[in-house]
Trainee: 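Got a structure for you, written out below as structure tokens; questions coming shortly.
Numbering of residues begins at 1 and proceeds along the displayed sequence. Atoms within each ligand, like the ligands themselves, are counted from 1 in listed order.
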Amino acid sequence: MKLAIVVPCYNEEEVLTETTAQLSHVLDILKDGKLVDEGVILYVDDGSKDRTWELVETYARENPYVAGIKLAHNVGHQQALWAGLEWAAVHADASVSIDADLQDDVNVIGEMVAYYAKGIDVVFGVRRERKTDTFFKRTTAQGFYRLMRGLGGDIVYNHADFRLMSRRALQALVSFPERNLFLRGMVSSLGFPSALVYYNRKERLAGESKYPFRKMLSFAIDGITSFSVRPIRYIAYLGILFMLIAVAAIIYGLCSYADGQTIPGWTSLIVSVWFIGGAILLACGIIGEYIGKIYKEVKRRPRYIIEKGVKCD
Ligand code: UDP
Ligand code: MG
């Protein structure tokens, strides 16, 4: 079988030499063990401004495994990875996606391929612990996984984008025509036979994170909004809640008025405030429901994905 290791790179000149050495070594071992017949390390240069692409070209000449795609400008990790996966869906039997900084453990690629050999289509790499991440990164990331799940996003806890996908899983994935990518969620929603492998996340080999807080936040918002229309529904619920408060306020306001305990004008004011607030929120929620439907339509996702059949060719 032909395995493509897809590595998105953005300004990764400091790590590329070591990454190439380690991934080549992994492929050597897999070939020796007859688990893999042919291996490719596909670097996707995401519009780097440093010498990343020159290095990729050099390695491609010197190292039989290395191949590369250069994107014309920086499109972000998810889109860059997608470019590599589209390539793998055509040119390989399975892909493993991994970050260039090798924070994910290359030694579990063997385990992933072993699962593939047993007929598993998607193998998720899961971080066992996050000791090497900063306190801030750890808490924000875990908070995000919880929130995402709470909102109904079907994602694997502590799995980033380190995973193996078989060709049929890749082909199903690339048939999603949407432009807003949240790959880990999309892959979970495919639903082929899957397995988990665990590893400890390491420090970045060298260089700095290419995901500053700004990018992380926008990634989290993208993740939630591309997977869930529940936030919209919560607005409608809030509207209903406010309307109920308005009813209570009406009763309370009228009673206070009857008691003669109010300043003129207070009753009508307090009742209108709650009522109008509730009505507006409810209206936003209702409009939101329709927008949510439109949103699902424009994604034009396939209605279903066939896993296999019997006697139905
Ligand atoms: N990356 C990319 N385009 C970007 C930002 C990042 O292709 O715009 C790549 C980067 O080169 C690395 C991977 O995405 O291979 C993950 O980035 P990083 O390791 O910096 O993120 P962190 O591990 O800090 O979340
Ligand atoms: Mg990293």
Trainee: Got a sec: is D101 within less than 2.8 Å of the Mg ion (ligand 2) via an N/O/S atom?
Mentor: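 A backbone or side-chain N, O or S atom of D101 is under 2.8 Å from the Mg ion (ligand 2).
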Trainee: Do T20 and Y43 have side-chain N/O donor and acceptor atoms under 3.5 Å apart?
Mentor: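 The criterion, which ignores hydrogens and geometry beyond distance, is satisfied for Y43 and T20.
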Trainee: Decide ring-ring contact (aromatic ring centres under 6.0 Å, His included) for F182 and F219; before the verdict, give the C-alpha distance in whole Å, the side-chain angles of both, and the deciding distance to 0.1 Å.
Mentor: CA-CA 8 Å; F182 185 63; F219 179 61; 5.3 Å; yes
Trainee: Do you see an N/O/S atom of S209, backbone or side chain, under 2.8 Å from the Mg ion (ligand 2)?
Mentor: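 Given the 2.8 Å cut-off, S209 does not count as a ligand of the Mg ion (ligand 2).
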Trainee: Tell me if a side-chain donor or acceptor on D45 pairs with a main-chain N or O of S48 at a distance below 3.5 Å.
Mentor: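 Yes, the answer is positive, given that a donor and an acceptor are paired below the 3.5 Å cut-off.
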Trainee: Is E178 salt-bridged to R301, going by a charged N under 4.0 Å from an acidic O?
Mentor: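 Looking at R301 together with E178, the answer is yes, because their closest N to O distance falls below 4.0 Å.
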Trainee: What does the list of residues with a heavy atom under 4.0 Å from ligand 1 look like, ordered by chain and number?
Mentor: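 Under the 4.0 Å cut-off, ligand 1 touches P8, C9, Y10, E12, D46, N74, G76, H77, D99, A100, D101, Q103, K137, R201, R204, S209, K210, Y211, K215.
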Trainee: Taking atom CZ as the centre, does R168 end up with more than 12 heavy-atom neighbours from other residues, nucleotides or ligands that are less than 6.0 angstrom away?
Mentor: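 Yes, enclosed.
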Trainee: When you look at OH of Y257, are more than 12 heavy atoms from neighbouring residues, nucleotides or ligands closer to it than 6.0 Å?
Mentor: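 Result for OH/Y257: open.
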Trainee: Mark yes when over 12 heavy atoms from residues, nucleotides or ligands other than Y252 sit less than 6.0 Å from its OH; otherwise mark no.
Mentor: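 No.
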